[in-house]
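Okay, structure first, notes after.
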Amino acid sequence: MPSIRSFRAIRPCAEHVTDVIINRGVAGDREAAVATAAINPYSFLQVSHTDMILAAEGETDDLKVRSKTRETFRRFLESGILAEDPVPCIYIYRLTVDDHPQTGLIACVDVEDFLAGHVKRHELTRDEKVVIQYEQFDRIGGSSEPILLTYDAAKDADSSIKTALAAWTAAHEPVYDFEDAAGIRQQLWPVADESVITILVDAFAKLDSLYICDGHHRITAVSRYYEDHRTGPDAEKSRWFTAAIYPSDEMRILDYNRAVRDLAGLSEEEFLKALTQAEFTVTKLGTEPVRPAGHGEYTMVMDGIWYRLNFIGKRPTDSPVAELDVSVLQERVLKDILGIENPQNDPRLAFLNGTKGIEALQTATQQGMKVAFAIMPIAMPEIIKVADAGLTMPPKSTCFDPKPVAGLVIYLVREI
């Protein structure tokens, strides 16, 4: 059963919290990270992305990068930009976007639960990305961004988790309450009360599983770090990783769409005919962007014209993965008609997540892509079903929004 525990987080001072946090989309963009760090001396990028910052200056020596990372981290602590909480806490963390609030908590989760399969995945990982995450974790000496997890809300039969969080947030003011650069309201309540912590720890111990929503590469890197250090002085702390955990019925999942550079030698007429032969009804709509209305339906844009596609064929029933809309599109259209055998690395295929809006599909077809497909977002029960079966989805199947920011709650497994 999943084990959670409190911990002493390192957090930004309230005065500089909006400066310290790393906003969505910046951390994974080298140019944006370097540019942000250049104008913001308080950004945690100064610590977490020292390698990129120094590389932009022509310095790539690993020892110098590590030394600079430690030096900057210590400076942030000594100057009061960051401070460690005096006692262990569990942190209630509420994210609100577009009038959609989700209230969960940040706590330490046992790596052994991940290794034993109690923290379940639904995506494959690429080793080169795991290596990058491992190196960053090792360089910092911990994590600055919690793994995003969920639990099946129906399994919290008496709603003891939600009840405890609601009672605390109603009775206490958050230590942070601000809107980040992406327009997401961030609120955090540290909970040091042992009786409340015990209620939460016991409630999570009654659950069957936790499910990874975002952070498959990071959690794999953390588990490798633990296995490499399980006999050393950092063994106990490295056994735990930080996670932001929300109930499944509060998670917001956006669409993850596809765009293809060409029609594999087919004319538009031949392609539309191939879609009908693949058991899709094809309805021409017009020039205005349209979202799918339900599962089994897709919308498509080609040369500025939008179409509605409805799959009327028989779905496979032998696998919860094969049943998914994204899998039907991959097998019946992308593979069988357009020749995209491996969506993981085919250069003709691009992925457009739902944070960009449905208009992004039309823009893509105006900037070099021939056709783009909009897919209904996967539902949380579908993700749980796939994970419980020990299976994985096609790449870029889920887009969770909002997600935790980096630099808000930091957990170290060794001394700086």
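Computed from a predicted model, the values in this text were never measured in an experiment.
Side-chain rings of F241 and Y226 stay apart, their centers remaining 6.0 Å or farther from each other. The aromatic ring centroids of F73 and F44 lie less than 6.0 Å from each other.
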Handout entry: Stepwise side chain to side chain donor-acceptor pair (under 3.5 Å) test for Q102 and Y93
Key = CA-CA 8 Å; Q102 57 187 54; Y93 188 29; over 6 Å; no
Exercise for the section: Walk me through it: do R121 and T220 pass the test side-chain contact (heavy atoms from CB on, under 4.5 Å)? Expected result: CA-CA 10 Å; R121 64 170 69 236; T220 304; 3.3 Å; yes
Exercise for the section: Go through the steps for Y225 and V111 under the test side-chain contact (heavy atoms from CB on, under 4.5 Å), then give the verdict. Expected result: CA-CA 10 Å; Y225 185 92; V111 174; over 6 Å; no
Exercise for the section: Apply the test salt bridge (charged side-chain N to carboxylate O under 4.0 Å, His left out) to residues D156 and K162: give CA-CA distance (whole Å), side-chain angles for both, the deciding distance (0.1 Å), then the verdict. Expected result: CA-CA 9 Å; D156 182 25; K162 285 189 175 183; over 6 Å; no
Handout entry: Residue pair R94, E250: steps toward the salt bridge (charged side-chain N to carboxylate O under 4.0 Å, His left out) verdict
Key = CA-CA 11 Å; R94 178 178 293 154; E250 293 187 21; over 6 Å; no
Practice task
Determine, stepwise, if the pair I53 / Q46 fulfils side-chain contact (heavy atoms from CB on, under 4.5 Å).
Solution key: CA-CA 8 Å; I53 296 169; Q46 303 283 355; 4.0 Å; yes
Problem - Stepwise side-chain contact (heavy atoms from CB on, under 4.5 Å) check, Y211 with D388 - result: CA-CA 9 Å; Y211 300 89; D388 282 343; 2.7 Å; yes
Practice task
Give the intermediate values and the outcome of salt bridge (charged side-chain N to carboxylate O under 4.0 Å, His left out) for residues K68 and D61.
Solution key: CA-CA 11 Å; K68 182 65 174 179; D61 181 80; over 6 Å; no
Exercise for the section: Apply the test salt bridge (charged side-chain N to carboxylate O under 4.0 Å, His left out) to residues D127 and R224: give CA-CA distance (whole Å), side-chain angles for both, the deciding distance (0.1 Å), then the verdict. Expected result: CA-CA 11 Å; D127 195 61; R224 288 186 186 179; 2.7 Å; yes
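Residues forming a salt bridge (Lys or Arg N to Asp or Glu O under 4.0 Å) with K335 (at least two apart in sequence, or on another chain): E331. With sequence neighbours left out, D336 forms a side chain to side chain contact (heavy atoms under 4.5 Å, CB included) with R332. Residues satisfying the side chain to side chain contact (heavy atoms under 4.5 Å, CB included) criterion with R315, sequence neighbours excluded, are F311, D325, V328. Annotation: salt bridge (Lys or Arg N to Asp or Glu O under 4.0 Å) contacts of E135 (sequence neighbours excluded): none. Looking at residues two or more places apart in sequence or on another chain, you find no side-chain hydrogen bond (donor to acceptor under 3.5 Å, both in side chains) involving E359.
Atom CD1 in I199 sits 11.5 Å away from atom CD1 in I161 (nearest 0.5 Å). Taking CG from L324 and CE from M376, the interatomic distance works out to 13.0 Å, rounded to the nearest 0.5 Å. Distance OH/Y307 to OG1/T299: 13.0 Å, rounded to 0.5 Å. To the nearest 0.5 Å, atom CD of residue E279 and atom CG of residue L309 are 13.5 Å apart. Interatomic distance, CG of L361 versus CE of M369, reported as 10.0 Å (0.5 Å rounding). A distance of 13.0 Å separates NZ of K64 from CD of E71, quoted to the nearest 0.5 Å.
Residues W306 and P289 share a closest heavy-atom pair of CE2-CA, 3.4 Å. P395 and Q344 get closest at one heavy-atom pair: CB-OE1, 3.3 Å. Minimum heavy-atom separation, V405 to D180: CG1-OD2, 3.8 Å. Shortest non-hydrogen contact noted between A379 and I253 is C-CD1, 4.2 Å. Heavy-atom minimum distance, P404 versus L148: CD-CD1, 4.0 Å. When all heavy atoms are compared, the tightest approach of C399 to Y256 is CB-CD1, 3.8 Å.
Between F400 and I383 the shortest side-chain heavy-atom distance falls below 4.5 Å. Considering only heavy atoms from C-beta on, H172 stays 4.5 Å or farther from I92 through its side chain. Between I378 and V386, the closest side-chain pair of non-hydrogen atoms is not below 4.5 Å. V260 is not listed as a side-chain neighbour of K370, based on a closest heavy-atom distance of 4.5 Å or more. Side-chain contact between L200 and L165 is present, with at least one heavy-atom pair separated by less than 4.5 Å. Looking at heavy atoms from C-beta onward, E112 lies in side-chain contact with R230 at the 4.5 angstrom threshold. For the pair V413/W240, no side-chain contact is recorded, criterion being any heavy-atom separation below 4.5 Å from C-beta on. Side-chain contact check for V301 versus V371: every heavy-atom pair is 4.5 Å or farther apart.
Checked by atom type and distance alone, the side chain of D98 never pairs as donor or acceptor with a backbone atom of H100 at under 3.5 Å. With T125 contributing its side chain and H216 its backbone, the two residues share no donor-acceptor pair below 3.5 Å. Remark: side-chain polar atoms of R11 are not paired, donor with acceptor, to backbone N or O of V409 under 3.5 angstrom. For the pair R348 (side chain) and L338 (backbone), a donor-acceptor distance under 3.5 Å is present. Using a distance-only test at 3.5 Å, with no hydrogens or angles considered, no donor-acceptor pair links the side chain of Q362 to the main chain of A372. A donor-acceptor pair under 3.5 Å links the side-chain atoms of R414 to the main chain of D138, judged by distance alone.
Each of K385, M393, E382 was checked for a side chain to side chain contact (heavy atoms under 4.5 Å, CB included) with H122, and the lone residue meeting it is M393.
Under the 30°/60° scheme for interplanar angles, the aromatic rings of Y176 and F178 are found to stand perpendicular.
Here D85 does not pair with R8 in a salt bridge; the nearest charged N to carboxylate O distance is not below 4.0 Å. Under the 4.0 Å criterion applied to side-chain N and carboxylate O atoms, D208 and K155 are assigned as salt-bridge partners. Classification of D62 and R66 as a salt-bridged pair holds, one side-chain N sitting under 4.0 Å from a carboxylate O.
K120 NZ: more than 12 foreign heavy atoms inside a 6.0 Å radius. Taking a 6.0 Å sphere around CD of E31, one finds it holds 12 or fewer heavy atoms contributed by other residues, nucleotides or ligands. For NZ of K356, the number of neighbouring non-hydrogen atoms (other residues, nucleotides, ligands) closer than 6.0 Å is 12 at most. Around the CD atom of Q277, the shell of radius 6.0 Å holds more than 12 heavy atoms that belong to other residues, nucleotides or ligands.
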Scan the side chains in residues 15-23 for donor-acceptor partners under 3.5 Å anywhere in the protein, sequence neighbours excluded, and list what turns up.
from	atom 1	to	atom 2	distance (Å)
H16	ND1	D19	OD2	3.1
N23	OD1	A181	N	3.4

